[in-house]
Amino acid sequence: MFNTIFYYICTSSIILIYGVGLNRLLTLKNTVNSIALSCVKALCTSSVTVLITTLLVNSLLAEAQLTELYPFIAIIIFIVIGTLVEIFVSIGVSQSLTEFALPMLTVLVAVSEGLSPTHSIIICFSCIAAFYIFLIFIASIRRRIMLCVPDGGIKEYTLMLISLGIVVIASCAWNVSWLNSIGMGE
């Protein structure tokens, strides 16, 4: 279980590897309360959707050999659950399209890569947690860039993408065999 959590938060984060929520991550400038509400809504919506979708896929679609239809079923279930969570969690606060993309794509990743309903929910929680952990990381990079970039220089968004590219290379290349030969002086 810990290996799965670590894998989906750090080494195979859906933000860095798949690019899910990257645009929202770089442009999000909300208050702590709205970010916490967004996290609660994403966790509630995606976990319930993952549970129901995984159970339906394993019990109905797998027996009928129609597992190719699971994204369609997942989208329908996500819209229903998302509407219910929106009614109960935040009355009067509209959900933008970018807030829809992260939980929905997390559901698709969790259902397709999970081995059981429990494993799928752990993957879902890890993916959502990775987004909000990287939000803190991006805020620190953004603050550092704002201190160092002169007026009229390179744009902040461009530097953020370059910084994330370096983080992706660093996280994906740490266990490559050519690094061992460089480190040993061969």
Side-chain angles (χ1 to χ4, degrees), residues 1-50 78 81-82 85-86 88-90 92-114 118-151 153-176 179:
M1 182 173 99
F2 181 73
N3 290 338
T4 302
I5 293 169
F6 181 76
Y7 180 74
Y8 283 99
I9 287 179
C10 297
T11 59
S12 181
S13 170
I14 63 168
I15 293 110
L16 297 177
I17 304 300
Y18 298 122
V20 172
L22 187 62
N23 187 31
R24 182 170 177 232
L25 187 69
L26 294 176
T27 59
L28 190 66
K29 295 178 181 175
N30 291 343
T31 63
V32 175
N33 289 336
S34 64
I35 291 172
L37 181 64
S38 171
C39 179
V40 168
K41 288 184 344 187
L43 285 174
C44 291
T45 305
S46 59
S47 63
V48 172
T49 304
V50 163
F78 180 79
I81 299 297
V85 168
E86 190 71 29
F88 290 119
V89 172
S90 62
V93 178
S94 63
Q95 184 174 14
S96 66
L97 185 61
T98 56
E99 198 171 325
F100 173 82
L102 175 72
M104 181 61 227
L105 294 174
T106 300
V107 166
L108 293 178
V109 167
V111 171
S112 66
E113 295 184 8
T118 307
H119 193 250
S120 296
I121 290 175
I122 290 170
I123 292 171
C124 175
F125 278 145
S126 300
C127 292
I128 298 290
F131 177 80
Y132 290 100
I133 289 169
F134 277 111
L135 189 62
I136 297 167
F137 181 71
I138 292 299
S140 65
I141 291 175
R142 180 179 289 129
R143 184 169 296 151
R144 187 69 166 165
I145 287 174
M146 290 175 69
L147 292 174
C148 298
V149 174
D151 292 337
I154 193 166
K155 302 276 187 198
E156 175 188 347
Y157 192 77
T158 306
L159 283 175
M160 295 295 293
L161 285 175
I162 292 170
S163 300
L164 279 178
I166 292 169
V167 169
V168 168
I169 291 171
S171 68
C172 292
W174 69 275
N175 195 15
V176 179
L179 288 174

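This is a predicted model, so every value here is computed, not measured.
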Quiz item: Any idea which heavy atoms bring Ile128 and Ala42 closest together, and the distance?
Solution: CD1-CB, 4.1 Å

Quiz item: Partners of Ile81 by side-chain contact (heavy atoms from CB on, under 4.5 Å), sequence neighbours excluded?
Solution: Thr45, Val48, Thr49, Ile52, Ile77, Val85

Self-check item: Spatial distance of atom CZ (Arg143) from atom CD1 (Ile138) [nearest 0.5 Å]
Solution: 13.0 Å

Quiz item: Between Tyr132 and Leu135, is any pair of side-chain heavy atoms under 4.5 Å apart?
Solution: yes

Self-check item: From Met104 atom CE to Thr106 atom OG1, the distance as rounded to the nearest 0.5 Å
Solution: 9.5 Å

Self-check item: By side-chain contact (heavy atoms from CB on, under 4.5 Å) - contacts of Ile141 (at least two apart)
Solution: Phe137, Ile145, Met160, Ser163

Quiz item: To the nearest 0.5 Å, what is the distance between CD1 (Ile123) and OG (Ser46)?
Solution: 12.5 Å

Quiz item: When Ile122 is tested against each of Ser126, Cys124, Ser120 for side-chain contact (heavy atoms from CB on, under 4.5 Å), which residue passes?
Solution: Ser126

